[in-house]
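The structure appears right after this line, and notes come after that.
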Amino acid sequence: MDYTEFRQRGKEMVDYIAKYLENIDQRQVYPDVEPGYLQPLIPDSAPKEPESFDEVIKDIERVIMPGVAHWQSPYFHAYFPAGNSFPSILADMLSGAIACVGFSWASSPACTELEIVMLDWLGKMINLPEQFLACSNRGGGGVIMGTACEATLMSLLAARTKVIRQRQAENPNLKEAEIMGRLVAYTSDQAHCSVERAVLIGGVKVKMIPSDEKLAARGEALRKAVEEDKAAGLIPFYFCATLGTTASCAFDNLLELGPICNAENLWMHIDAAYAGSAFICPEFRYLLDGIEFADSFDFNPHKWLLVNFDCSTMWVKKKGDLISAFQINPVYLQHDHQDS
């Protein structure tokens, strides 16, 4: 495909996308297919000769669309909202064309700097405390993740690294394995399963905090669990609160949980993947009361904010804790501005 054909086919693809979205309400929302439906519709191996773009487009309708669940359909009510928008689609096109691999400032300065500024903008829109914003110069900042599951895992691993270093600083004779075997994390019995998955990956224990009659985690239940575990010789180090649980959109009581986490030196992560977008509306921000006690916070703009999947935004109060937990600095990644 040369530039001339790319221009032609690009316009055709935009027309196809516009027609698809304009008439999506006429498509069957959920595919009527069985597992393995696709294999008989395509060759057993990749063709040795290319097909024309016209044939490829025909295959989209013949092979792909029969197996698509149409998430953008007005009749789709499963899982969670995942709206896109025309500006978001166009931005994806430009991003794909520029094709930066923005793993550091040096690899593409605009990628890093735009991310920092946009996360500050978004943080201000939902009224995050300024400690979470890079523009405050107080050590905080935001970063784009793929999913809230990633954010939970990153926060847990950062908390694990932090507490191990603290314990070894207090007692240099302690081995990492000794500390790891005593670490325990906490979350509500209503929390997303990704918290349990993060704990499995992190190699630590987890205790589920029983929720109240409104399906929210409360302070007294956490306090009791922490005291029991400390008495048993364990090391409480992490709590994941949820704002908008998967099962019922319940909100954990941050004003009760936060002071306990701070007093007991537990890293407090807030998973607001589902409901976090609502905090743009001032009338819902009371549900965010207690955020000032948190160490990290995450929500998913790709649910309510018309941004294509995947875009999960995470903020930390002390970005140094996150960076130091994962920083490996080989010579081929070093550059003159890495500490700026």
Side-chain angles (χ1 to χ4, degrees), residues 80 128 132 142-143 145-164 180 183-212 214-226 229 234-276 279 287-300 303 312-318 321-322 325-326:
F80 50 81
L128 281 183
F132 287 98
V143 63
M145 296 284 183
T147 66
C149 304
E150 288 180 35
T152 300
L153 176 60
M154 293 298 101
S155 64
L156 183 134
L157 294 179
R160 186 189 71 177
T161 299
K162 184 176 182 179
V163 73
I164 288 173
M180 284 272 292
L183 293 180
V184 57
Y186 305 88
T187 194
S188 164
D189 58 11
Q190 300 297 308
H192 192 269
C193 63
S194 59
V195 182
E196 292 184 75
R197 190 177 300 120
V199 166
L200 287 173
I201 295 171
V204 297
K205 299 176 179 64
V206 64
K207 180 170 284 188
M208 298 297 178
I209 303 301
S211 52
D212 66 7
K214 293 184 178 180
L215 303 178
R218 303 291 298 274
E220 191 53 41
L222 176 62
R223 187 191 309 277
K224 180 181 177 182
V226 169
D229 288 338
L234 298 177
I235 303 173
F237 80 104
Y238 178 87
F239 177 73
C240 181
T242 307
L243 297 182
T245 58
T246 302
S248 62
C249 200
F251 290 77
D252 291 341
N253 192 318
L254 303 184
L255 289 173
E256 293 181 0
L257 297 162
I260 296 171
C261 290
N262 288 182
E264 297 291 347
N265 198 29
L266 274 65
W267 180 299
M268 185 179 184
H269 175 67
I270 297 177
D271 175 7
Y274 176 66
F279 301 137
L287 294 165
L288 199 57
D289 289 348
I291 179 67
E292 63 271 16
F293 297 108
D295 295 280
S296 54
F297 173 86
D298 179 88
F299 84 97
N300 289 345
K303 285 191 168 74
S312 188
T313 47
M314 178 184 184
W315 291 264
V316 289
K317 266 185 185 171
K318 297 179 181 178
D321 289 339
L322 202 65
F326 304 105

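As the structure is a computational prediction, the values presented were derived from the model and not from experiment. Below, all heavy atoms of this structure are taken into account, side chains as well, without hydrogens, waters or symmetry copies.
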*Over all atoms of both residues, closest heavy-atom pair of F299 and A272*: CB-O, 3.1 Å
*Would you mind reporting whether W315 and L128 have side-chain heavy atoms less than 4.5 Å apart?*
yes
*Flag yes if more than 12 heavy atoms outside K205 fall under 6.0 Å of its NZ atom; otherwise flag no.*
yes
*Just wondering, do L156 and H269 contact through their side chains at under 4.5 Å, heavy atoms?*
no
*Which heavy atom in A158 sits nearest to a heavy atom in F326, and how many Å separate them?*
N-CZ, 4.2 Å
*Flag the pair K317 / S296 as yes when at least one side-chain heavy-atom distance between them is below 4.5 Å, and no otherwise.*
no
_Within the 4.5 Å heavy-atom criterion, are S155 and D295 side-chain neighbours or not?_
no
*asked:* For L243 versus D252, what's the shortest heavy-atom pair and its separation?
replied: CD2-O, 3.9 Å
*Please report the closest heavy-atom contact between K214 and A250, naming both atoms and the distance.*
O-CB, 3.7 Å
*For the pair T152 and D298, evaluate side chain to side chain donor-acceptor pair (under 3.5 Å) and give the outcome as yes or no after the intermediate values.*
CA-CA 8 Å; T152 300; D298 179 88; over 6 Å; no
*Between G219 and E256, which heavy-atom pair has the shortest distance, and what is it?*
N-OE1, 3.0 Å
*Evaluate the criterion side-chain contact (heavy atoms from CB on, under 4.5 Å) for residue pair F297 and L288; output intermediate values, then yes/no.*
CA-CA 11 Å; F297 173 86; L288 199 57; 3.8 Å; yes
*With A273 via side chain to side chain contact (heavy atoms under 4.5 Å, CB included) - residues at least two apart*: A148, D271, N300, K303
*asked:* Set out, in order, the CA-CA distance, both residues' side-chain angles and the distance that settles side-chain contact (heavy atoms from CB on, under 4.5 Å) for T313 and M145, then state yes or no.
replied: CA-CA 6 Å; T313 47; M145 296 284 183; over 6 Å; no
*OG1 on T147 to NE2 on H192, rounded to 0.5 Å*: 9.0 Å
*Student check: side-chain heavy atoms of E264 and P236 closer than 4.5 Å*: no
*Hey, could you give me the CZ/CG distance between R218 and L255, rounded to the nearest 0.5 Å?*
10.5 Å
*Distance from F237 atom CZ to W267 atom CH2, nearest 0.5 Å?*
10.5 Å
*Using a 4.5 Å cut-off on heavy atoms from C-beta on, say whether the side chain of C249 contacts that of Y274.*
yes
*Gap between atom OG of S194 and atom CD of E150 - 0.5 Å precision*: 11.0 Å
*Answer whether the closest heavy-atom distance between the side chains of E196 and M208 falls below 4.5 Å.*
yes
*How long is the gap from CD1 on I270 to CZ on F251, to the nearest 0.5 Å?*
11.5 Å
*Which residue, L234, T187, D229, forms the side-chain contact (heavy atoms from CB on, under 4.5 Å) with K207?*
D229
*Minimal non-hydrogen separation, F132 against V316, with atom names*: CD2-C, 3.7 Å
*Which of these, V206, V226, L257, I260, sits in a side-chain contact (heavy atoms from CB on, under 4.5 Å) with Y186?*
V226
*Straight-line distance of C193 SG to L200 CG, nearest 0.5 Å*: 10.5 Å
*Apply side-chain contact (heavy atoms from CB on, under 4.5 Å) to F293 and N262, showing your working.*
CA-CA 7 Å; F293 297 108; N262 288 182; 3.2 Å; yes
*With distance as the sole criterion, is a donor-acceptor pair present between the side chains of T242 and T245 under 3.5 Å?*
no
_Beyond-backbone contact of L254 with M268, side-chain heavy atoms, under 4.5 angstrom_ = yes
